[in-house]
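Residue numbers begin at 1 in each chain, while the letters A, B, ... track the order of the sequences.
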Protein chains: 2
Amino acid sequence: MTPVNALKRIHLFSSLSDQDCEQLSKLLRLQTLHKGEVLFRRGDEGATFYMILSGQIKISVSKRDHQMTLAILGRDEFLGEMALLDGQPRSADAVATEQSCLYALNRKDFLSFLMTSEHAIHAVLSALSIRLRKTDNQLTEMYFLNVHARLGKKLVELIESRPSHVKNDPDHILNITQDELGHLVGVSRESINKALKILRKKGILSTSRNTIRIHNLDLLKQRL
Amino acid sequence: MTPVNALKRIHLFSSLSDQDCEQLSKLLRLQTLHKGEVLFRRGDEGATFYMILSGQIKISVSKRDHQMTLAILGRDEFLGEMALLDGQPRSADAVATEQSCLYALNRKDFLSFLMTSEHAIHAVLSALSIRLRKTDNQLTEMYFLNVHARLGKKLVELIESRPSHVKNDPDHILNITQDELGHLVGVSRESINKALKILRKKGILSTSRNTIRIHNLDLLKQRL
DNA sequence: GATTCTGTGTGAAATCCTTCATAGACGGAT
DNA sequence: ATCCGTCTATGAAGGATTTCACACAGAATC
């Protein structure tokens, strides 16, 4: 595939003319990350915008031996825009959870690209808006709901945001450790385990190393 | 003052030409809210953008007899943009906490105004970014910090975000109920009260109906 | 001035969740 | 085949926060 066509497959760039794409492609830097590799850390000066071509980036904040995961971003999503837009340092860590491939764009180029594309502005505004909504929601749920309810919601969210169906298998399968789930829900691993135990006893799911297998998604949903 | 000059005093519109201002002023609708009046509710269809000319709007989410305050917006700040940018319903309630005066702009006009002003785009992007950062921060603090630490931070934040100094008075004075403080910190009124008791015993502050008087801001800060 | 309302102050009991300790299971490396 | 590191499972103890109950004070209303 030509570089221009590759660019156009990315939603943020999809409305660009061939010319603009070619222009832009000269400014983009391709970056590969191994599993576990750090893209940036909280507190760093942020001068780069990233588009995820493939793989997965985890956005999280750590303190002592505790960690909270703010978001997990995948293909066609972008990150790093906050530090560029408001001039503050990175607010969280970004780490690849699997082998990942990104386009990187420096501050100046990102901002000028943004101003040339109405479509891109809309995409960024809308993405920020959705993220804000999501975090607000997480914050209120943290206050209103207990571990069981939060876990239930997160499981449903994880399943619905990913293609976790395997052919000829009625179950939904999540590949995640209970530790990681704890970071996502904002709760200790042990509490996750105990909450899972209840769902297990009701036959809603079963657990094994690195995986949660949901047998009855409807039943899980109607508990919310 | 002419309407155009009034408009230019608003940061979001400050870069507009006289012509554009005049144009815009025809689209803006002036809206007054009494204390306690509701601007919109969570779940409403959102088709309006608001700029605060004066007064104060509280953004909050309620559930049963519990409430969580997400933000308190004041003069020169705007709200309502999320529903316009991502097309989802209102994510929270907006209520005037005092007599307030707003400019309202409908969806179409807001979006087209936005696209004509590079300055406005930057202002909105930057504001969204700052809000996102703030909520992320609140979320992680909710997980990492206990009531005492969160209350301390919130008190400092409230003081630093407002002019709470009175002439010839070395103290900082906050006019807020413990109930409201609880909503802001994400904790019960009683817990706020008990946490304040400790600060009171250390001589950092004193409390009375509707007010918290901070005697020693430095001491409060160094506990964080 | 009496009454009502709203907000503060406080302790006891209950609840939710974390922390700690320990056991076992599974997979990968040697 | 064994060892080691990671992940799951679980119970006991402790801590933080909520809930509940009630007393009290000052402001607002009549």
What side-chain donor-acceptor pairs closer than 3.5 Å can you find for residues 152-159 of chain A, not counting sequence neighbours?
from, atom 1, to, atom 2, distance (Å)
A/K153, NZ, A/E141, OE2, 3.3

Between B/S126 and B/S129, a side-chain donor and acceptor under 3.5 Å: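 Not at all, the side chains of B/S126 and B/S129 share no donor-acceptor pair under 3.5 Å.
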[N] [atom2] sits how many Å from [X] [atom1], rounded?
X: B/K201; N: C/dG9; atom1: NZ; atom2: P; answer: 13 Å
X: B/L205; N: C/dG9; atom1: CG; atom2: P; answer: 10 Å
X: B/L174; N: C/dG7; atom1: CG; atom2: P; answer: 16 Å
X: A/Q67; N: C/dT18; atom1: CD; atom2: C1'; answer: 17 Å

Steps toward side chain to side chain contact (heavy atoms under 4.5 Å, CB included) verdict (B/N216, B/L205): CA-CA 7 Å; B/N216 195 333; B/L205 51 76; over 6 Å; no
Angle of first-five versus last-five pair axes in the helix from C/dG1-D/dC30 to C/dT30-D/dA1, to 10 degrees: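 The value is 30°.
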Residues forming a salt bridge (Lys or Arg N to Asp or Glu O under 4.0 Å) with A/D93, sequence neighbours excluded: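 Per chain and number, A/D93 pairs via salt bridge (Lys or Arg N to Asp or Glu O under 4.0 Å) with A/R41.
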Counterpart residues, side-chain hydrogen bond (donor to acceptor under 3.5 Å, both in side chains), relative to B/T69 (two or more places apart):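 Per chain and number, B/T69 pairs via side-chain hydrogen bond (donor to acceptor under 3.5 Å, both in side chains) with B/E180.
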C/dG11 phosphate, OP1 or OP2, under 4.0 Å from B/K197 side-chain N/O: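 Yes, because at least one side-chain N or O of B/K197 sits under 4.0 Å from OP1 or OP2 of C/dG11.
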Contact state string [nucleotides 12-19 of chain D, B base, S sugar-phosphate only, - no protein heavy atom under 4.0 Å]: B----SBB
Nucleotide-resolved protein contact map, nucleotides 2-8 of chain D, B/S/- at heavy-atom distance under 4.0 Å: ---BBSB
Candidate pair B/D171 and B/H215, rule side-chain hydrogen bond (donor to acceptor under 3.5 Å, both in side chains), full reasoning: CA-CA 5 Å; B/D171 294 352; B/H215 307 309; 2.9 Å; yes
Check against side-chain hydrogen bond (donor to acceptor under 3.5 Å, both in side chains), B/R200 and B/T207: CA-CA 8 Å; B/R200 212 160 42 211; B/T207 58; 2.9 Å; yes
Trace of the salt bridge (charged side-chain N to carboxylate O under 4.0 Å, His left out) decision for B/K221 with B/E160: CA-CA 11 Å; B/K221 276 190 191 177; B/E160 299 195 330; 2.8 Å; yes
Atom of A/V147, atom of A/V187 and distance for their closest heavy-atom approach: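 Result for this residue pair: CG2-CG2, 3.2 Å.
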Ring centres under 6.0 angstrom apart (B/Y50, B/F78):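 Not under 6.0 Å, so no.
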A/E37 and A/V95: CA distance, side-chain angles, deciding distance, side chain to side chain contact (heavy atoms under 4.5 Å, CB included) verdict: CA-CA 6 Å; A/E37 206 172 335; A/V95 179; over 6 Å; no
